[in-house]
Undergrad: 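Here it is: the structure, laid out below.
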Amino acid sequence: MLDVKFVRQNPDIVRRSLQNRRTEADLDRFLKLDEERRNLLFEVEKLKNLRNSESEEIARKKKAKEPADELIARMKEVSQQIKEMDEKINEVEKSLEEILLTIPNIPDDSVPIGESDADNVEVRRWGEPTKFDFEPKPHWDIGEDLDILDFERARKITGSRFTVYKGAGARLERALINFMLDLHTQKHNYKEIFPPFIVNRDSMTGTGQLPKFEEDAFKLANNNDYFLIPTAEVPVTNLHRDEILSKDDLPIYYVAYSGCFRAEAGSAGRDTRGLIRQHQFNKVELVKFTDAQSSMQELEKLTADAEEVLELLGLPYRVVVLSTGDLGFSSAKTYDIEVWMPSYNRYVEISSCSNFKDFQARRARIQYRPEKGAKPVYVHTLNGSGLAIGRTTAAILENYQQSDGSVIIPEVLREYMGGLNKIDI
RNA sequence: GGAGAGAUGGCCGAGUAGGUCGAAGGCGGUCGCCUGCUAAGCGAUUAUACGGACUAAAAUCCGUAUCGAGGGUUCGAAUCCCUCUCUCUCCGCCA
């Protein structure tokens, strides 16, 4: 959510942001309503002031046993007027809020302007796309041939876009979770959080999933206000919703494993096979709370922390900075980390690292005091996958597959796999 | 699921026969004074949002709102009425 005053004073910046993002919001109506609201407030507050002072006068008269009937009658009318105006103001404010919640964050100046993901800019590359001297298989075939992924039975017990992991596959998934949590807590100083996988409406609104993207979320049928989390970002960022932190608390680094649940409305037909796009997947998420001065620098560090996972796993990747046309609603700047996926013959997103600046914090009311006794200001929030587990599993299966159908376990994972160094038939 | 209790400022905690209550008191915080230092003491101050005036911008000043949320009664509500939400205690059930 943007600051109302900012929008009022900088309509041109907001308009340009909307254009660059190739998105729309009714900015003109917002500005008009905003002015209307202020005019109404000015009038109604005058009336309220009158009512307050005259009410005191009535009290005085009554105490002094003087007649006050005439004054009471007049105030009755004033109160009626106030009531009507208050209703009008409520309507206007509701409309304003609705529009404000549909206005996306202002992209950082360093973000390239572009139409779509085609205009994202590659900033670096690590490793080389894996070469094979045989015909490599996609991970869904590898998984079924090794009997470690079972898409067929997942369809039976639940439906499409679910997977049953079995044997070494289940172990690999669990190993990756533990490996990543250990790396980020021990080497990068994140504090581990194990959050609820179900959150309420306020939390979903606080991080920006609602109201605009309700159709993408799974909502619990027996409780209107509970949602399955689409990412640990939601519960973890909302840890500090409605809080005022002290300067000494910052920066805060959290890492959380969670299951993630996405309805993926509107993505029918995309990535229908394998682990890439699921209704339920695992993810280790990095979340930071920082002050305004350091957030851009913290984004670089967070991205590097996620990249290190891929480097330790020996998986080739590249980093792209999202253009304005591809940038997420709440984000001011986002780096996508893309891993080399042989079956796609291209790099595939495996982590998305974003700086939301104060956009989420304003919405979730997360503040800190820069100085003792100073007025609270909004923190900056950041997050990124570190990494998406299912896609990492897919990338390992594909990049580490051997001509005999087996899959080598990356060195760093072996201790998490009970010493297993290869998945065989 | 059954029974009961409660939601007031950073915290604790008064305030229910409606009228200077944004709200006593305490703790905590800040500023100043004082004691050679520390402890103690004294004085003052101590919410947020929105709107307006003044500003380059602040500071400041004025106003309005806020005692869980929403609605109602009334000239006037923390105080009365209705609805909802949440928290706590006990019982039951349960990994």
Undergrad: Under 4.0 Å between a Lys/Arg side-chain N and an Asp/Glu carboxylate O for A/E35 and A/K32?
TA: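 Salt bridge absent between A/E35 and A/K32.
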Undergrad: Which sits closer to the 5' end of RNA chain B, A/E93 or A/L50, going by the nucleotide each is nearest to?
TA: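 It is A/E93 whose nearest nucleotide is closer to the 5' end.
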Undergrad: For A/K61 and B/G76, give me the distance from atom NZ to atom P, rounded to whole Å.
TA: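 One finds 17 Å between P of B/G76 and NZ of A/K61, rounded.
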Undergrad: Where the side chain of A/M75 is concerned, which of B/A65, B/C75, B/G52 is the nearest nucleotide?
TA: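 In terms of side-chain proximity for A/M75, the closest of B/A65, B/C75, B/G52 is B/C75.
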Undergrad: Of the nucleotides B/G51, B/C75, B/G71, which has the atom closest to the A/N90 side chain?
TA: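 For A/N90, the side-chain atoms sit closest to B/G71.
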Undergrad: Are A/K48 and A/D86 close enough for a salt bridge, meaning some N to O gap below 4.0 Å?
TA: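 So A/K48 pairs with A/D86 through a salt bridge.
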Undergrad: Would one find a side-chain N or O of A/K48 under 4.0 angstrom from OP1 or OP2 of B/U64?
TA: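 No.
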Undergrad: Using Watson-Crick or G-U wobble geometry with both distances under 3.5 Å, which nucleotide pairs with B/C80?
TA: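 The base-pairing partner of B/C80, which may sit in any strand shown, is B/G72.
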Undergrad: Partner lookup for B/U45, please. Criteria are Watson-Crick or G-U wobble with both distances under 3.5 angstrom; report none if nothing qualifies.
TA: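 Result: B/G29.
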Undergrad: Applying the Watson-Crick and G-U wobble criteria at under 3.5 Å, what pairs with B/C21? Answer none if nothing qualifies.
TA: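 No nucleotide pairs with B/C21.
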Undergrad: Side chain of A/P376 only, please: which of B/U48, B/G76, B/U64 is the nearest?
TA: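 Looking only at side-chain atoms, A/P376 lies closest to B/U48.
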Undergrad: Applying the Watson-Crick and G-U wobble criteria at under 3.5 Å, what pairs with B/G92? Answer none if nothing qualifies.
TA: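 Base partner found: none.
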Undergrad: Tell me whether the OP1 or OP2 atom of B/G63 has a side-chain N or O from A/N49 closer than 4.0 Å.
TA: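 Checking B/G63 against A/N49, no side-chain N or O comes under 4.0 Å of OP1 or OP2.
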Undergrad: Going by purine N1 to pyrimidine N3 plus the second Watson-Crick contact, or the G-U wobble pair, all under 3.5 Å, which nucleotide sits opposite B/C34?
TA: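 WC or wobble partner does not exist here.
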Undergrad: Heavy atoms from C-beta onward define the side chain here; which of B/G76, B/G19, B/U64 lies closest to that of A/N52?
TA: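 Closest nucleotide to the A/N52 side chain: B/U64.
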Undergrad: Go through B/C75, B/A65, B/U48 for me and flag the one nearest to the A/I72 side chain.
TA: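 Output: B/C75.
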Undergrad: Classify A/K83 by what it touches in the nucleic acid, base, sugar-phosphate, or nothing, heavy-atom distance under 4.0 Å.
TA: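 Sugar-phosphate, backbone atoms only, no base.
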Undergrad: Identify whether the distance between the nearest side-chain nitrogen and carboxylate oxygen of A/D216 and A/R262 falls below 4.0 Å.
TA: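 Salt bridge absent between A/D216 and A/R262.
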Undergrad: Taking the C1' atom in each of B/A78 and B/G1, what is the distance between them to the nearest angstrom?
TA: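 One C1' to the other, the span is 34 Å.
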Undergrad: For B/A53 versus B/U45, give the span between their C1' atoms, rounded off to a whole number of Å.
TA: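 25 Å, rounded to whole Å.
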Undergrad: Round to a whole Å and report the spacing from CD of A/Q80 to C1' of B/G72.
TA: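 Computing the A/Q80:CD to B/G72:C1' distance gives 13 Å.
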Undergrad: Please state the C1' separation for the pair B/A17 and B/C90 - nearest whole angstrom.
TA: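 Here B/A17 and B/C90 have their C1' atoms 34 Å from each other.
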Undergrad: Could you work out the separation of B/G32 and B/A39 based on their P atoms and round it to a whole Å?
TA: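 The same atom, P, in both gives a distance of 16 Å.
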Undergrad: Select one nucleotide: of B/C75, B/C50, B/U64, the one nearest the side-chain heavy atoms of A/K62.
TA: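 When the side chain of A/K62 is considered, B/C75 is the closest of B/C75, B/C50, B/U64.
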Undergrad: Hey, does A/R74 reach any base, or is it just sugar-phosphate, or nothing, if we go heavy atoms under 4.0 Å?
TA: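 If one applies the 4.0 Å heavy-atom cut-off, A/R74 turns out to touch nothing in the nucleic acid.
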Undergrad: What is the distance, to the nearest angstrom, from the CD1 atom on A/I82 to the P atom on B/G51?
TA: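 From A/I82 CD1 to B/G51 P: 19 Å.
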Undergrad: With rounding to the closest Å, how many angstrom separate the C1' atoms on B/C34 and B/G43?
TA: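 Comparing C1' positions in B/C34 and B/G43 gives a spacing of 11 Å.
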Undergrad: When the P atoms of B/A56 and B/U66 are considered, how many whole Å apart are they?
TA: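 The same atom, P, in both gives a distance of 35 Å.
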Undergrad: For B/G4 versus B/G10, give the span between their P atoms, rounded off to a whole number of Å.
TA: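 Rounded to whole Å, the distance is 33 Å.
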Undergrad: Could you tell me the separation between the CG atom of A/L40 and the P atom of B/G51, rounded to a whole number of Å?
TA: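 Taking atom P of B/G51 as the reference, CG of A/L40 is at 13 Å.
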Undergrad: Between the side-chain atoms of A/E56 and the base atoms of B/G19, is any donor-acceptor pair under 3.5 Å?
TA: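 Checked by distance alone, the answer is no.
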Undergrad: For B/A5, which nucleotide is its Watson-Crick or G-U wobble mate, given both distances must be under 3.5 Å?
TA: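 By the stated definition (distances under 3.5 Å), B/U87 pairs with B/A5.
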Undergrad: Rounding to an integer number of angstrom, what distance separates B/C12 and B/A23 when you compare their C1' atoms?
TA: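 These two C1' atoms come out 16 Å apart once rounded.
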Undergrad: Thinking salt bridges, do A/R391 and A/E338 make one under a 4.0 Å N-O criterion?
TA: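 Judged by the 4.0 Å cut-off on N to carboxylate O distance, A/R391 and A/E338 do not form a salt bridge.
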Undergrad: I'd like to know if A/R38 pairs up with A/D34 as an ion pair, taking the criterion as any Lys NZ or Arg NE/NH1/NH2 lying under 4.0 Å from an Asp or Glu carboxylate oxygen.
TA: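 Judged by the 4.0 Å cut-off on N to carboxylate O distance, A/R38 and A/D34 do form a salt bridge.
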Undergrad: Rounded to whole angstrom units, what separation is found between the CG atom of A/D86 and the C1' atom of B/U66?
TA: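 Distance check: A/D86 CG to B/U66 C1' gives 13 Å.
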Undergrad: Can the positive tip of A/K191 be found less than 6.0 Å from the middle of the six-membered ring of A/Y254, inside 45° of the ring normal?
TA: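 Ring-cation test returns no.
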Undergrad: Find the distance A/E57:CD to B/G19:P and express it as a whole number of Å.
TA: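 It works out to 17 Å between those atoms.
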Undergrad: If B/G51 has a Watson-Crick or G-U wobble mate with both distances under 3.5 Å, name it; if not, just say none.
TA: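 The base-pairing partner of B/G51, which may sit in any strand shown, is B/C62.
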Undergrad: Which residue, A/K63 or A/I58, contacts RNA chain B at a nucleotide closer to its 5' end, judged by nearest heavy atom?
TA: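 Taking each residue's closest nucleotide, the earlier one in sequence belongs to A/K63.
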Undergrad: Can you identify which nucleotide, out of B/G19, B/G63, B/C75, has its nearest atom closest to the A/E45 side chain?
TA: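 Looking only at heavy atoms from C-beta outward on A/E45, the closest nucleotide is B/G63.
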Undergrad: Let me know the distance between CG of A/N10 and C1' of B/A57, rounded to the nearest Å.
TA: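 Between C1' of B/A57 and CG of A/N10: 14 Å.
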Undergrad: Just call it for A/R8: base, sugar-phosphate, or nothing, with non-hydrogen atoms closer than 4.0 Å on any strand.
TA: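 Counting heavy atoms under 4.0 Å across all strands, the contact made by A/R8 is with sugar-phosphate only.
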Undergrad: Is the distance from OP1 or OP2 of B/U74 to the nearest side-chain N or O of A/S79 less than 4.0 Å?
TA: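 Looking at the OP1 and OP2 atoms of B/U74, neither is under 4.0 Å from any side-chain N or O of A/S79.
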Undergrad: Please report the distance, rounded to the nearest Å, between CG in A/D242 and P in B/G9.
TA: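 Interatomic distance, CG of A/D242 to P of B/G9: 14 Å.
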Undergrad: Could you walk me through whether A/E300 and A/Y335 satisfy the side-chain hydrogen bond (donor to acceptor under 3.5 Å, both in side chains) test, starting with their C-alpha distance in whole Å, then the side-chain angles of each, then the deciding distance to 0.1 Å, before giving a yes or no?
TA: CA-CA 9 Å; A/E300 300 299 323; A/Y335 289 113; 2.6 Å; yes
Undergrad: Hey, does the side chain of A/R38 come within less than 4.0 Å of B/G52's phosphate (OP1/OP2), counting only N and O?
TA: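 For A/R38, the contact criterion (side-chain N or O under 4.0 Å from OP1 or OP2 of B/G52) is met.
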Undergrad: With distance as the sole criterion, is a donor-acceptor pair present between the side chains of A/T185 and A/E192 under 3.5 Å?
TA: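 A/T185 vs A/E192: no donor-acceptor pair found between side chains.
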